[in-house]
Amino acid sequence: MEAEYDVIIIGGGAAGLSAAIYATRAQLKTLIVEQLAPGGQILNTSDIENYPGFPDGVLGPDIGVAMHKQAENTGTLFAFDTVIDLHVDEDVKVVVGEEREYTAKTIIVTAGGAHNKLGVPGEDEFAGRGVTYCATCDGNFFAGEDTVVVGGGDAAIDEGMYLSRIVRSLTLVHRRDELRATKVLQERAFATDNFNFKFSHVVKEIRGNGGVDRVLLEDVKSGEEYEYPTAAVFIYIGFHPNSGFLQGKVPLDNGGHVITDIRMQTDVPGVFAAGDIRQFSDRQLGTSVGDGITAALSAYRYITEG
Ligand code: NAP
């Protein structure tokens with residue numbers, strides 16, 4: 001069987017579009033299969049101030065649309081479809097979509113993922129106006145302010161430590177009286193002056209006027225509810241990669257992330273992964289772009305060198 005494409009990229013976010021730009025410029029016939037509009041998470045991100053080359057920042061939708069256009073200009077083909085399965089055992093790989101099947105010599109999986117949400121009133125309303133899932137991205141918008149972090153895992157503590165160097169204070173709200181995070185991270189947080197804790201508490205509502213200015217907390221032991229002032233709520237209650245269709249096809253870690261080597265190669269020859277779906281991704285626009293480029297170059301080498 002002849003493959004229709006040299007490369008099929010599953011997902012049209014920053015990693016996928018970057019991979020496509022490099023693959024097409026290497027004269028590889030490249031298809032992006034995407035179920036939503038190309039651009040990915042950056043389409044839902046307002047100001048991006050940490051992507052190199054934009055000293056005054058850049059709007060997420062602007063850079064998402066520009067990346068999409070650049071991928072189109074270099075000859076990337078697009079299919080609007082939802083991938084439900086893969087067949088990766090043979091030289092010619094099959095990507096099974098809801099609409100049809102596609103074949104390629106290589107696959108780059110850049111299907112991304114999503115942050116778990118609290119599901120409380122105000123979370124969606126204030127998204128991008130005080131509610132955020134990324135201190136590395138948004139911490140600087142709240143420099144010198146009092147903030148709240150939700151969650152008790154490694155991500156909450158890790159990103160809380162990053163935040164503690166920027167904000168005046170942060171209060172970590174955790175639903176139990178014990179953190180899940182590794183001990184070494186916990187100790188680091190306990191030793192940080194402006195890192196405060198509210199154990200056995202949950203955020204019931206996020207409130208504000210234009211932007212976040214307070215949360216409604218509940219002390220789950222006493223049942224008491226009270227308002228607590230904050231300029232922002234950083235939510236770290238887990239992240240789920242969009243990797244359901246990869247179960248049993250490529251090795252995944254316990255959290256469902258795709259395991260790759262530093263060349264973005266999975267255990268399966270000709271199958272690569274890049275961006276947020278990948279184990280140890282830093283989940284930044286810049287790192288996703290880099291991952292995507294590396295994956296495309298690895299696919300190029302796989303095709304040309306065997
Ligand atoms: P995680 O380990 O699953 O922790 C999620 C935290 O959110 C838990 O403390 C959980 O509480 C809490 N939570 C979950 N649902 C909640 C809800 N609806 N309301 C309130 N709280 C809720 O997730 P993660 O911190 O994102 O880490 C994911 C993986 O990445 C882990 O394997 C972690 O080790 C890794 N990671 C490592 C580092 C590092 O090593 N520096 C940094 C980031 C991430 P309970 O504890 O009560 O369940």
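Predicted model, so just to flag it, every value in this text is computed and none were measured. Both counts, for ligands and for their atoms, begin at 1 and track the order of listing.
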For [X], I'd like to know if atom [atom1] has over 12 heavy atoms of other residues, nucleotides or ligands within 6.0 Å.
{"X": "Asp193", "atom1": "CG", "value": "no"}
{"X": "Glu225", "atom1": "CD", "value": "yes"}
{"X": "Asn209", "atom1": "CG", "value": "no"}

Backbone, side chain, both or neither: what part of [X] comes under 4.0 angstrom of ligand 1, heavy atoms only?
{"X": "Leu118", "result": "side chain"}
{"X": "His174", "result": "side chain"}
{"X": "Asp158", "result": "side chain"}

Hey, can you tell me if [X] and [Y] have their rings parallel, tilted or perpendicular (30° and 60° cut-offs)?
{"X": "Phe199", "Y": "Phe197", "value": "parallel"}
{"X": "His257", "Y": "Phe239", "value": "parallel"}
{"X": "Phe78", "Y": "His68", "value": "perpendicular"}

Taking atom 18 (N) of ligand 1 as the point of reference, which of Ile235, Asn254, Ile237 owns the nearest heavy atom?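 Result: the heavy atom closest to atom 18 (N) of ligand 1 is in Ile237.
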
Below 3.5 Å, N or O to N or O, backbone or side chain included: is there any such pair between [X] and ligand 1?
{"X": "Arg180", "answer": "yes"}
{"X": "Phe239", "answer": "no"}
{"X": "Gly151", "answer": "no"}
{"X": "Gly152", "answer": "yes"}

Under-4.0 Å heavy-atom contact between protein and [atom]:
{"atom": "atom 14 (C) of ligand 1", "answer": "yes"}
{"atom": "atom 41 (N) of ligand 1", "answer": "yes"}
{"atom": "atom 30 (O) of ligand 1", "answer": "no"}

Note, Asp81 side chain near Val95 side chain (heavy atom, < 4.5 Å):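 No, their side chains stay 4.5 Å or more apart.
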
Please confirm whether the backbone N or O of Thr182 pairs with a side-chain atom of Asp154, one donor and one acceptor, at under 3.5 Å?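 Looks like yes, one N/O pair under 3.5 Å.
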
Charged N-O contact under 4.0 Å between [X] and [Y]:
{"X": "Glu4", "Y": "Arg100", "answer": "yes"}
{"X": "Lys198", "Y": "Asp219", "answer": "no"}
{"X": "Arg168", "Y": "Asp146", "answer": "yes"}

Suppose we measure from [atom] to each protein heavy atom; which comes out shortest, and what is that distance?
{"atom": "atom 36 (N) of ligand 1", "result": "Asp154 CB, 3.7 Å"}
{"atom": "atom 20 (C) of ligand 1", "result": "Arg175 CD, 3.8 Å"}
{"atom": "atom 24 (P) of ligand 1", "result": "Ala155 CB, 3.7 Å"}
{"atom": "atom 23 (O) of ligand 1", "result": "Gly238 CA, 3.8 Å"}

Below 4.0 Å from any atom of ligand 1, is there a heavy atom belonging to Gly255?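 Heavy atoms of Gly255 never come under 4.0 Å of ligand 1.
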
Which ligand 1 atoms are under 4.0 Å away from a heavy-atom of Arg176?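 Answer, ordered by atom number: 45 (P), 46 (O), 47 (O).
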
